[in-house]
Amino acid sequence: MCSSDLESVIVVNADGPETRVALIEESILSELHLERPRARSTVGNVYKGKVLRVLPGMQAAFVDIGEDKAAFLYAGDIADPRDDAPPQGLPSRSVKGINVSDLVRPGQEILVQVVKDPISTKGARITTYVSLAGHNVVYMPTVSHVGISRRITNDKHRRRLRRIVDQMRPPGSGFVVRTVAEDASSAEVRAEMDYLLRCWANIKANERVTRAPVMLYRDLDLMLRVVRDNLTAEVERVVIDDSAQCERLRRYVGTFMPEFVDRIELHANREPIFDAYGIELEIERALQRQVGLKSGGSLVFDQGEAPTAIDVNTGKFVGSKGRTLEQTITTTNMEAAEEIADQLRLRNVGGLIIIDFIDMDKESNRRKVYNKLQEALRRDRAKAHITKISEMGLVEMSRKRTHESLEKRLAKQCEICGSKGYHKSPATVCYEILRQIRREGGGMAGDYIAIQAHPAVADLMNGPEKHAVDDTVKRVQKALEISGRKGYHPEKFDIRGKKRKAQE
């Protein structure tokens, strides 16, 4: 990557048909987020929904929120009016002694918030415990609780922030104060609290005059959301490649976190922003089944429908002179533990994960590798639980996620290889073609650019993504001629500049 040594940067690629935001921490790509116009995330959105079915055997209900699939509401995520002290804002509470039929009924209209996007065949997961996130604070209108980030250790700052919250919070509601609020002025914290209180007032006002199913509140779009949640003193710069979006981001940051507004930069280099920071190469690496380690060893990822298996191999690494086999294996496993934590976060792998480290004879070495994995996972905001390494080198772990994995979002199961692997989806290939044309089209000889691709890609470019194609035409000032080729692999495409034949 072109960033300086151990630099932390947020890189925004908004100059194209999809928005992509990369979080680089100490010069390592740690997270990649993407949002497409036709598939925007619903996490954080608030809906007035209508209960379709109540399933006592599952302690859950299905709720129509107006999206393609009914949302899933677990009993532990439903506020019980009989509770004097509801849980502290975030699902889920214990459902022991609770009957979901006593909490909701078919046909009932309820206010809910999406906490997990639809994944595969499952609908979104929702909760009745609404929380509205800001940069400094999170407002919980249905929970009487005040929480101060544990990372704020200065007692004077904690007392100041608690005093501000207690003065402004309405009875029965609560706030969680984020770590970044420690350096925020009292006026900034109050202004954000006031904004969130007004948002909630608008939600409740709209709830009274609308019928379910209807969306009452949409959370920020991807760019603003990632900046809101990640722009801290540790982030040196936020770099974006679109001037209009850059100004929009500056206005947002200037309003809610003015101390960081000077860190917003427009990418002036002609080189595409993700190329300049080496991010495109890291994305390709994250889609590969095998990931090489610096030592010569490797990781092999097999992502199934439920569990994901990760196998650690020594590969070409045979150790250095004077080292024992045990030392060589431990060195490889230590490096693998670090890389596994980074890859899980980047790939956004969730659910059950089985890691097969190389067998180590000594308990002290197994403990050393386990501690390394635990330490590396602390950088991950997604909650993870891991078991100790068994004598066979196996670790079982679970990792929570709110979105599809990177592989599922950028690729689809491959019919050509009998569903044993993956190829990039038509939308991903379409956007790659348009990015390459934006990158090279201006310098291509000829009057127009001819594109040959798989029929599914061509159909997408001539249909639902026609607006993105038109934007690219305006950019390069050349017409695009798109044709499908049945014999092409789903990822293959050809781009050539051509001259029109002179009319006789």
Side-chain angles (χ1 to χ4, degrees), residues 35 37-54 60-75 77-83 86-87 89-91 100-118 123-135 137-145 165 168-176 190-222 224-225 228 248 251-252 255-256 402:
E35 191 165 76
R38 294 181 294 116
R40 184 170 169 177
S41 172
T42 59
V43 172
N45 293 356
V46 178
Y47 297 82
K48 186 177 183 180
K50 187 173 184 178
V51 179
L52 297 176
R53 287 187 295 159
V54 177
F62 286 105
V63 180
D64 181 9
I65 60 173
E67 300 292 336
D68 293 338
K69 299 174 184 174
F72 182 81
L73 179 61
Y74 181 59
D77 297 333
I78 305 173
D80 187 346
R82 298 169 299 181
D83 282 353
L90 298 177
V100 68
S101 300
D102 294 333
L103 302 176
V104 291
R105 64 184 185 279
Q108 180 181 347
E109 294 188 343
I110 55 175
L111 192 70
V112 295
Q113 183 175 42
V114 175
V115 294
K116 190 173 185 179
D117 270 327
R125 182 167 172 177
I126 56 177
T127 178
T128 66
Y129 295 108
V130 175
S131 61
L132 303 178
H135 179 64
V137 295
V138 177
Y139 179 43
M140 302 177 298
T142 62
V143 178
S144 181
H145 171 74
V165 170
M168 290 191 64
R169 73 182 178 107
S173 67
F175 281 89
V176 172
R190 287 192 179 95
E192 188 169 73
M193 289 178 65
D194 181 63
Y195 169 76
L196 295 176
L197 289 169
R198 283 187 282 112
C199 282
W200 177 244
N202 288 336
I203 290 170
K204 295 299 289 182
N206 289 331
E207 180 191 14
R208 288 191 290 269
V209 298
T210 56
R211 297 187 64 181
V214 62
M215 181 172 66
L216 301 175
Y217 170 83
R218 183 188 287 278
D219 198 8
L220 300 176
D221 62 28
L222 178 69
L224 299 184
R225 192 168 65 245
R228 176 194 69 194
R248 178 169 164 259
R251 287 196 299 271
Y252 173 79
T255 301
F256 294 103
T402 58

Student: Drop me the distance from Arg125's CZ to Asp117's CG, to the nearest 0.5 angstrom.
Tutor: 13.5 Å

Student: Looking at every non-hydrogen atom in both residues, tell me the closest pair between Leu103 and Ala75 and how far apart they are.
Tutor: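 Closest approach of Leu103 to Ala75, heavy atoms only: CD1-O, 4.0 Å.
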
Student: List in chain and number order the residues that pass salt bridge (charged side-chain N to carboxylate O under 4.0 Å, His left out) with Lys116, two or more places apart in sequence or in another chain; answer none if no residue qualifies.
Tutor: none

Student: With sequence neighbours excluded, what pairs up with Arg190 under the salt bridge (charged side-chain N to carboxylate O under 4.0 Å, His left out) test?
Tutor: none

Student: Tyr129 and Val143: which non-hydrogen atoms are nearest, and at how many Å?
Tutor: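 Of all heavy-atom pairs spanning Tyr129 and Val143, the closest is CD2-CG2, 3.9 Å.
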
Student: Quick one: salt bridge (charged side-chain N to carboxylate O under 4.0 Å, His left out) pairs with a partner in residues 195-208, sequence neighbours left out?
Tutor: Asp194-Arg198, Lys204-Glu207

Student: Of the non-hydrogen atoms in Gly66 and Pro213, which two are nearest, and what is the gap between them?
Tutor: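 Answer, listing the atom of Gly66 first, then Pro213: N-CB, 3.4 Å.
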
Student: For residues Phe256 and Glu192, report the shortest heavy-atom separation together with the two atoms involved.
Tutor: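 Closest approach of Phe256 to Glu192, heavy atoms only: CD2-OE2, 4.1 Å.
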
Student: Do Val104 and Val63 have side chains that get closer than 4.5 Å, going by heavy atoms?
Tutor: no

Student: Mind checking the CG-OH spacing from Leu111 to Tyr217? Nearest 0.5 Å is all I need.
Tutor: 12.5 Å

Student: If I take atom CG from residue Leu197 and atom CE from residue Met168, how far apart are they, to the nearest 0.5 angstrom?
Tutor: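 Result: 5.5 Å between the selected atoms.
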
Student: Just to verify, which of Asp77, Asn45, Ile65, Thr127 counts as forming a side chain to side chain contact (heavy atoms under 4.5 Å, CB included) with Val112?
Tutor: Ile65

Student: Can you tell me how far CD1 of Ile110 sits from CD1 of Ile126, rounded to the nearest 0.5 angstrom?
Tutor: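 So the CD1 of Ile126 and the CD1 of Ile110 are separated by 5.5 Å.
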
Student: For residues 63-72, pull every pair meeting side-chain hydrogen bond (donor to acceptor under 3.5 Å, both in side chains), keeping only residues two or more places apart or in separate chains.
Tutor: Tyr47-Glu67

Student: My understanding is that only residues two or more places apart in sequence, or in another chain, count here; which of them pass salt bridge (charged side-chain N to carboxylate O under 4.0 Å, His left out) with Asp219?
Tutor: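 Only Arg228 meet the salt bridge (charged side-chain N to carboxylate O under 4.0 Å, His left out) criterion with Asp219.
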
Student: Give the intermediate values and the outcome of side-chain contact (heavy atoms from CB on, under 4.5 Å) for residues Thr128 and Thr142.
Tutor: CA-CA 9 Å; Thr128 66; Thr142 62; over 6 Å; no

Student: By salt bridge (charged side-chain N to carboxylate O under 4.0 Å, His left out), which residues pair with Arg248, not counting sequence neighbours?
Tutor: Asp221

Student: How many angstroms lie between atom CZ of Arg169 and atom CE of Met193, to the nearest 0.5 angstrom?
Tutor: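 Going from CZ on Arg169 over to CE on Met193, the span is 9.0 Å.
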
Student: Provide the closest heavy-atom pair for Gln113 versus Leu132 in the form atom of the first, atom of the second, distance.
Tutor: NE2-CD2, 4.4 Å

Student: In Å, rounded to the nearest 0.5 Å, how long is the span from CG of Asn206 to NZ of Lys48?
Tutor: 10.0 Å

Student: Give the minimum heavy-atom separation between Leu220 and Arg40, together with the two atoms involved.
Tutor: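 Scanning both residues, the minimum pair turns out to be C-NH2, 3.5 Å.
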
